Amino acid sequence: MPDQIAMHFAPVAPDIDSLIDRLEDFFARHGLSTALLQTFALAFDEIVCNIAAYGYPDNGSEHGIDIRLWLTASEIRVEVVDDGIPFDPLQVADPDITASLEEREIGGLGIFLVRKLMDSVAYERRDERNHLIFTKQLATPAQAD
Amino acid sequence: MNITETLEGSTLILALHGRLDSTTAKSLEDVLPERMQVSPALIVDLAEIQYVSSAGLRVILKAAKVAKSSGNRLVLAGLAPQVHEVFQVSGFTALFNIQEDRSQALAALA
């Protein structure tokens, strides 16, 4: 069975720290760069926190949040599945990243960063669950490392 | 994440070690805005930070707003390339004085 990370979280106070620990081990094991680690650690932090904060307004969950990360020949792929309220992160408006310091707000920045740092992000609502898949190419010619 | 505080002359240096994310941002928020309010010059040294997420950026932005309103000076130093990229994509490189390392940050404040 190919090496992967698969974890399940309750939507209340998910233990993201242990996920980042697993991620660090996995990336070290596969010789993946610290730049890739930054990108995926950030993505997990933003996405899982967001689901925990907004996905379950009634605090009710039968399934919680499942995450999986694995390698293909050319890319790192992540799937995040949750049974919270429908939420498509691709529909969130971009923050104004040119606003002055006084007017600058942080809302929406996390999801914006995920969209910018990943090569692809896809969303689907299926079987009453949110499915988010994001990928990043390995060793693209333009990789600035 | 650990925070080490050092005073160099009248400049306070906060060196952060570890991860600056949703799990750890609160421990920085307990210290940084308060120190920023009372320190004429403050350096946040990120050389030992492996990664940041928006929860960490939020606290650093808060410190910048405190610096602006108090007239105190804030400099960030030692951003690893992958951390710098996040600052860049966020538009934060336009909002902050960012220096290569601690000694250059001290020079910028001199």
Side-chain angles (χ1 to χ4, degrees), chain A residues 9 13-25 27-28 32-53 89 92 94-118 136 142-145, chain B residues 1-2 17-29 32-33 36 46-76 78-98:
Chain A
F9 298 95
D15 184 2
I16 295 173
D17 221 29
S18 65
L19 169 56
I20 308 301
D21 287 342
R22 293 272 296 272
L23 197 63
E24 273 186 6
D25 289 347
F27 276 50
L32 300 168
S33 70
T34 52
L36 285 169
L37 178 66
Q38 158 72 62
T39 297
F40 281 87
L42 176 141
F44 278 126
D45 195 46
E46 310 297 352
I47 298 298
V48 177
C49 272
N50 208 63
I51 294 168
V92 176
D94 286 353
D96 180 6
I97 60 163
T98 62
S100 68
L101 180 58
E102 291 83 349
E103 290 162 352
R104 194 61 207 268
E105 288 169 2
I106 213 78
L109 183 62
I111 283 167
F112 173 77
L113 284 170
V114 174
R115 291 204 307 255
K116 285 288 181 188
L117 295 171
M118 290 295 165
K136 186 125 179 129
Q143 196 163 29
D145 218 22
Chain B
M1 184 188 63
N2 293 320
H17 303 253
R19 306 165 181 162
L20 182 49
D21 62 4
S22 66
T23 308
T24 61
K26 178 73 173 65
S27 60
L28 184 62
E29 190 164 18
L32 179 57
M36 193 68 252
L46 297 162
E48 299 297 325
I49 284 292
Q50 290 126 16
Y51 100 96
V52 297
S53 75
S54 68
L57 296 180
R58 191 183 67 78
V59 179
I60 292 180
L61 182 69
K62 188 174 175 183
K65 291 186 181 201
V66 171
K68 182 101 180 176
S69 65
S70 63
N72 292 331
R73 292 194 294 163
L74 170 65
V75 176
L76 307 181
L79 282 66
Q82 71 272 14
V83 172
H84 192 273
E85 186 190 8
V86 174
F87 273 70
Q88 194 143 27
V89 174
S90 305
F92 272 34
T93 43
L95 300 178
F96 290 89
N97 183 343
I98 298 174

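Because the structure is a prediction, the values reported are computed rather than measured. Protein chains get the first letters and strands the later ones, always in sequence-line order, with residue 1 at the start of each. Only this structure's heavy atoms are used, side chains among them; waters, hydrogens and symmetry mates stay out.
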Below 3.5 Å, can you tabulate the donor-acceptor pairs from side chains in residues 36-43 of chain A to any protein atom, sequence neighbours excluded?
{"residue": "A/Q38", "atom": "OE1", "partner": "B/V52", "partner atom": "N", "Å": "3.1"}
{"residue": "A/Q38", "atom": "NE2", "partner": "B/V52", "partner atom": "O", "Å": "2.8"}
{"residue": "A/T39", "atom": "OG1", "partner": "A/A35", "partner atom": "O", "Å": "3.1"}

(message) Let me confirm one number: the CZ-CG distance from B/R19 to A/D21, rounded to the nearest 0.5 Å.
(response) 4.5 Å

(message) Can you tell me how far apart OG (B/S54) and CG (A/D45) are? Round to the nearest 0.5 Å.
(response) 7.0 Å

(message) Looking at chain A, which one of B/S69, B/A64, B/A94 has the largest number of heavy-atom pairs inside 4.5 Å, strictly under?
(response) B/A64

(request) Compare all side-chain heavy atoms of B/V89 with those of A/F112 and state whether any distance is below 4.5 angstrom. (result) yes

(message) Counting neighbours of NZ on B/K65 that are heavy atoms of other residues, nucleotides or ligands and sit closer than 6.0 Å, is the number greater than 12?
(response) yes

(message) Among A/R104, A/E24, A/K116, A/E105, which residue has the highest count of heavy-atom pairs closer than 4.5 Å to chain B?
(response) A/R104

(message) Given heavy-atom pairs under 4.5 angstrom as the criterion, report whether the side chain, backbone, both or neither of A/I20 touches chain B.
(response) both

Between side-chain atoms of residues 79-87 of chain B and protein atoms elsewhere (two or more places apart, or another chain), which donor-acceptor pairs fall under 3.5 Å?
{"residue": "B/Q82", "atom": "NE2", "partner": "B/Q50", "partner atom": "O", "Å": "3.3"}

(request) Determine whether B/T23 and A/D15 make a side-chain contact, defined as any pair of heavy atoms from C-beta on separated by less than 4.5 Å. (result) no

(message) Please identify, among A/L109, A/L117, A/I97, A/L101, the residue contributing the most non-hydrogen atom pairs under 4.5 Å to chain B.
(response) A/L101

(message) Just so I understand: if I count every heavy-atom pair under 4.5 Å between each of A/L113, A/V48, A/D96 and chain B, which residue has the most?
(response) A/L113

(message) Return the OH to OG1 distance between B/Y51 and A/T34, rounded to the nearest 0.5 Å.
(response) 14.0 Å

(request) Please report the closest heavy-atom contact between A/I16 and B/S22, naming both atoms and the distance. (result) CD1-OG, 3.9 Å

